[in-house]
Amino acid sequence: MTSKTVIVLGGGVGGLSVANDLRRRLNRQHKVVLVDKTGDHVFWPSLLWLQVGLRKPDKITKGLEKLLKKGVELVRGEVDSIDPVAKRVGVGGKTYDADYLVVSLGAQLAPDRIPGLSDAGHNLYSLEGSVAVRNFCLGLDGEAKGTKLVVLVSGMPFKCPAAPYEAAMLMAHYAQNNHPGTGTSVSLYSPEGGPMGVAGPVVSAGVKGMLAQRGVDYYPTHQVEKVDPGTRTLIFEDGSEATYDFLAYVPPHVVPEVVCEAGLAEVGGWIMVDRESMETRYPGVFAIGDNTSIPLEMGLPLPKAGVFAHGQAQAVAKTIAARINGKGEDGVFDGHGQCFVEVGGGRAGFGRGNFYASPVAQVKLHEPSRRWHIAKVLFEKKWMKQWF
Ligand SMILES: Cc1cc2nc3c(=O)[nH]c(=O)nc-3n(C[C@H](O)[C@H](O)[C@H](O)COP(=O)(O)OP(=O)(O)OC[C@H]3O[C@@H](n4cnc5c(N)ncnc54)[C@H](O)[C@@H]3O)c2cc1C
């Protein structure tokens with residue numbers, strides 16, 4: 001059998017799991033090459049704990065070079081071109097040829113799409129922004145009377161539908177318990193009609209109830225148009241305004257430029273794939289995770305979430321291994337997923353279900369309890385151990 005090469009683009013949730021799974025399924029005559037621009041893997045769900053001082057950046061980050069000992073080759077650099085027909089990628093002036101390509105470059109965060117946003121606040125979805133949020137929360141004291149903390153979702157779609165809601169609840173819980181009597185308020189503005197709408201009206205109402213119980217003021221259907229950092233004012237598309245003392249925002253998400261330039265996605269769109277095989281319109285080129293979009297019957301796309309990137313990675317690894325090995329069945333991504341909803345105080349809710357169900361997703365939300373919080377802590381430990 002001739003030696004085959006699989007190149008995986010991106011060392012995030014999807015890329016890390018597909019590379020590991022392929023290495024396990026293919027014998028060593030075949031090459032698995034992982035390309036990433038940072039060389040580090042961050043466990044993003046723990047960013048929410050970091051924001052309230054419960055984690056440190058080095059505890060939720062691991063170097064991808066640890067994969068070398070497993071036989072995964074690593075290229076550290078920015079993917080600057082992809083030719084999906086030739087299955088050739090360019091990284092920092094060098095080209096690499098593949099027999100199979102897996103594109104898992106995530107969503108690019110684009111705060112500059114909203115005038116004033118990046119100067120006005122801190123990016124809730126970055127390590128640096130989360131450290132700034134943590135420093136602010138930890139520094140709240142009796143002097144900071146009436147501080148108005150605002151969490152802003154600045155555009156759709158955004159990854160992890162629960163994350164901004166969890167961030168707001170964790171901050172509210174932290175302020176109420178560690179700095180009582182300071183009058184700190186937490187508000188959340190979002191363009192969505194309701195939280196986690198893709199999971200159905202019952203789940204959405206459940207999360208809304210959790211916000212209310214924790215004293216988070218929630219303003220849905222608010223699409224921000226611009227921000228005035230001078231007067232600390234959010235200006236929304238409907239003409240309404242809101243002020244803040246401290247702003248933590250979820251930036252607009254766009255598909256990485258290199259993906260558009262490759263013709264894998266339209267400008268302003270995402271990579272379209274077969275929703276079960278995750279193969280693109282180019283045979284042998286697969287795309288998984290946040291850089292894809294999968295339309296659902298209910299009108300919204302499948303959420304961008306690590307749980308789906310992971311499930312898709314497993315399906316793609318199985319398919320590629322079956323094709324290379326000439327035996328075994330293709331993998332199928334079936335749209336099932338679950339997520340924790342951290343609410344503060346060592347408690348979390350838990351949602352689980354089938355997002356491919358017809359005509360709407362079938363998702364059940366479990367009430368917040370200590371059990372689900374512990375399950376997330378265990379999941380974090382397992383994730384950081386199993387792939388490295
Ligand atoms: C605060 C927060 C909390 C979250 N909580 C959860 C949760 O509880 N559950 C859940 O399921 N999901 C959660 N998510 C979402 C989850 O992290 C993402 O959906 C997941 O990481 C997507 O995986 P991916 O492989 O598609 O992209 P990513 O994990 O973003 O990986 C993309 C990789 O590509 C690399 N890259 C990008 N462009 C280039 C380039 N040109 N060249 C080389 N490398 C490049 C990046 O460095 C990165 O390593 C959360 C996200 C955040 C921000």
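If you read the sequence from its start, that first residue is 1, and numbering goes on from there. In each ligand, atom 1 is the first atom listed, and ligand 1 is the first ligand listed.
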Given [options], which one has a non-hydrogen atom that is nearest to [atom]?
| atom | options | value |
| --- | --- | --- |
| atom 36 (N) of ligand 1 | Val258, Leu47, Leu105 | Leu105 |
| atom 14 (N) of ligand 1 | Cys160, Ser17, Gly311 | Cys160 |
| atom 44 (N) of ligand 1 | Glu257, Lys37, Gln338, Glu78 | Lys37 |
| atom 35 (C) of ligand 1 | Val91, Asp36, Val18, Thr38 | Asp36 |
| atom 27 (O) of ligand 1 | Gly12, Gly129, Pro164, Gly106 | Gly106 |

Check this for me - ligand 1, [X], N or O atoms closer than 3.5 angstrom, yes or no?
| X | result |
| --- | --- |
| Gly14 | yes |
| Val13 | yes |
| Asp290 | yes |
| Asn291 | no |
| Val79 | yes |

Exercise. Does ligand 1 have any atom sitting under 4.0 Å from a heavy atom of Tyr125?
Worked result: yes
For this session: Examine ligand 1 and decide if any of its atoms is less than 4.0 Å from a heavy atom belonging to Ser104.
Result: yes
Problem set entry | Residue among Leu26, Asp99, Val316, Val18 satisfying side-chain contact (heavy atoms from CB on, under 4.5 Å) with Val6 | Leu26
Would you call [X] and [Y] a salt bridge, using N to O less than 4.0 angstrom?
| X | Y | answer |
| --- | --- | --- |
| Lys148 | Asp245 | no |
| Arg323 | Glu279 | yes |
| Arg55 | Glu380 | yes |

Using a distance-only test with no angle check, is there a side-chain donor-acceptor pair under 3.5 angstrom linking [X] and [Y]?
| X | Y | value |
| --- | --- | --- |
| Tyr218 | Tyr165 | yes |
| Asp58 | Thr61 | no |
| Thr38 | Asp40 | no |
| Trp383 | His41 | yes |
| Thr233 | Glu241 | no |

Problem set entry | Intermediate values then yes/no, side-chain contact (heavy atoms from CB on, under 4.5 Å), Val150 and Phe246 | CA-CA 6 Å; Val150 167; Phe246 185 87; over 6 Å; no
Exercise. Taking non-hydrogen atoms only, is Pro256 closer than 4.0 angstrom to ligand 1 via side chain, backbone, both or neither?
Worked result: neither
Exercise. Which bit of Pro45 is near ligand 1, meaning a heavy atom under 4.0 Å away: side chain, backbone, both or neither?
Worked result: both
Residue, atom name and distance, where the atom is the protein heavy atom closest to [atom]:
| atom | result |
| --- | --- |
| atom 1 (C) of ligand 1 | Trp44 O, 3.7 Å |
| atom 34 (O) of ligand 1 | Gly10 CA, 3.4 Å |
| atom 16 (C) of ligand 1 | Gly306 N, 3.4 Å |

For this session: List for me each residue that meets side-chain contact (heavy atoms from CB on, under 4.5 Å) alongside Asp274, sequence neighbours excluded, and say none if there are none.
Result: Glu276, Ser277
Exercise. Should you measure from each heavy atom of Val307, which atoms of ligand 1 turn up under 4.0 Å away?
Worked result: 10 (C), 11 (O)
Problem set entry | Numbered atoms of ligand 1 (with element) below 4.0 Å of Gly77, judged on heavy atoms | 42 (N), 43 (C)
Exercise. Partners of Trp49 by ring-ring contact (aromatic ring centres under 6.0 Å, His included), sequence neighbours excluded?
Worked result: His373
